[in-house]
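Scroll down for the structure; my scribbles are underneath it.
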Amino acid sequence: CDKAKLKKNLREKKFFCYICDKSFYNKSRLKKHVLLHSGKDLYNSTKKNNKYLKQTLKLHTGKKPFICDICGQALSHSSTLTAHTRRHTGEKPFKCGICDQAFSQLSTLKAHTRTHTGEKPFKCGICGKAFSQSQNLTRHTRTHTGEKPFKCGICGRAFSLLQSLKTHTRSHTGEKPFKCDICGQRFSHSQRLKSHTMSHIGEKPYKCDICGRAFTQSTHLTSHTMTHTGEKPFKCDICGRAYSHLQSLKRHKKTHTG
């Protein structure tokens with residue numbers, strides 16, 4: 001039984017839902033899962049005891065019977081509760097056999113291992129580009145399809161990535177969960193905290209290949225590079241005037257609206 005479980009854990013979940021990014025070991029389970037998004041009756045009463053169906057329905061009906069003893073958060077699956085609890089305890093039972101780095105989840109270890117092997121098993125069916133993680137392929141595919149399945153419940157704006165929606169939602173709520181350990185300043189986005197921390201230590205890892213000037217953020221380097229290339233990707237949809245910086249375009253648009 002243990003051998004069978006280990007074999008299953010080592011298998012890759014190569015079939016992923018294009019709507020919510022959940023991944024599966026086989027195509028049949030993915031098909032059953034996708035039907036749940038459509039709102040169709042997945043099974044007749046003869047299938048009511050199906051273990052997989054029961055677990056998946058908890059996710060889509062909002063039922064969360066598993067409660068964290070530490071923070072009280074409710075979760076839909078026991079496995080999700082286990083992974084969540086490790087965030088509190090710091091437990092990292094899955095260790096990389098190459099560099100000894102440890103992880104709290106097996107899936108994270110698998111993804112990490114590919115940084116050593118260079119393996120990219122997830123291939124785009126449209127352009128052929130390959131990825132090391134299924135969720136990266138899902139995100140990439142949406143650049144082709146233009147799909148934006150994650151919609152803000154407050155303003156209606158849609159996003160192609162769930163993380164983008166979460167970050168956007170903080171602009172409504174004012175939540176700033178990322179705190180600087182040096183000065184205590186808080187941020188709504190982890191990348192902004194990272195860039196801010198560099199201002200304390202003086203690190204500027206993003207260097208211009210043309211003039212050698214260094215920056216704390218990759219976005220600042222991108223903007224700077226345009227001063228060399230003359231590229232102006234931000235175009236006014238009213239008069240057609242183009243700018244190298246988004247902020248410059250926003251200022252220009254105000255001249256049209258008054």
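All values below were derived from every heavy atom in this structure, side-chain atoms included, with hydrogens, water molecules and symmetry-related copies excluded. Everything numeric in this text was worked out from a predicted model, so none of it was measured. Position 1 is the first residue of the sequence, and the numbers go up from there.
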Task: Donor-acceptor side-chain pairing of Arg192 and Ser188 below 3.5 angstrom - done: yes
Task: Residue pairs fulfilling salt bridge (charged side-chain N to carboxylate O under 4.0 Å, His left out) with at least one residue in residues 124-135, sequence neighbours excluded - done: none
Task: Arg213 atom CZ: more than 12 heavy-atom contacts under 6.0 Å - done: no
Task: Any pair counted as salt bridge (charged side-chain N to carboxylate O under 4.0 Å, His left out), so long as it reaches residues 236-249, sequence neighbours left out - done: Asp237-Lys253
Task: Pairs meeting criterion side chain to side chain donor-acceptor pair (under 3.5 Å) with involvement of residues 82-105, two or more places apart - done: His84-His88
Open item on the list: Please tell me whether Leu75 and Ile67 are part of a single hydrophobic cluster in this structure, the criterion being side-chain heavy atoms less than 4.5 Å apart.
Closed with: no
TODO: First locate atom NE2 of His168, then atom SG of Cys152, and finally report the distance between them rounded to the nearest 0.5 Å.
DONE: 3.5 Å
Task: Whether Thr138 side chain and Ser134 backbone form a donor-acceptor pair below 3.5 Å - done: yes
Task: Over all atoms of both residues, closest heavy-atom pair of Thr108 and Phe103 - done: CG2-CD2, 3.4 Å
- [ ] Starting from Phe215, walk the hydrophobic network (Ile, Leu, Val, Met, Phe, Trp, Tyr; side-chain heavy atoms closer than 4.5 Å) and list everyone else you reach, by chain and number.
- [x] Tyr206, Leu221
Open item on the list: Please find the pair of heavy atoms, one from Leu109 and one from Phe94, that lie closest to each other, and give the distance.
Closed with: CD2-CB, 3.8 Å
- [ ] Mind checking ring pair (Phe, Tyr, Trp, His ring centres under 6.0 Å) for His228 and listing every partner two or more places apart, or none if nothing turns up?
- [x] His224
Open item on the list: Suppose clustering is done on Ile, Leu, Val, Met, Phe, Trp and Tyr with side-chain heavy atoms closer than 4.5 Å. Which residues sit in the same group as Leu193?
Closed with: Phe178, Phe187
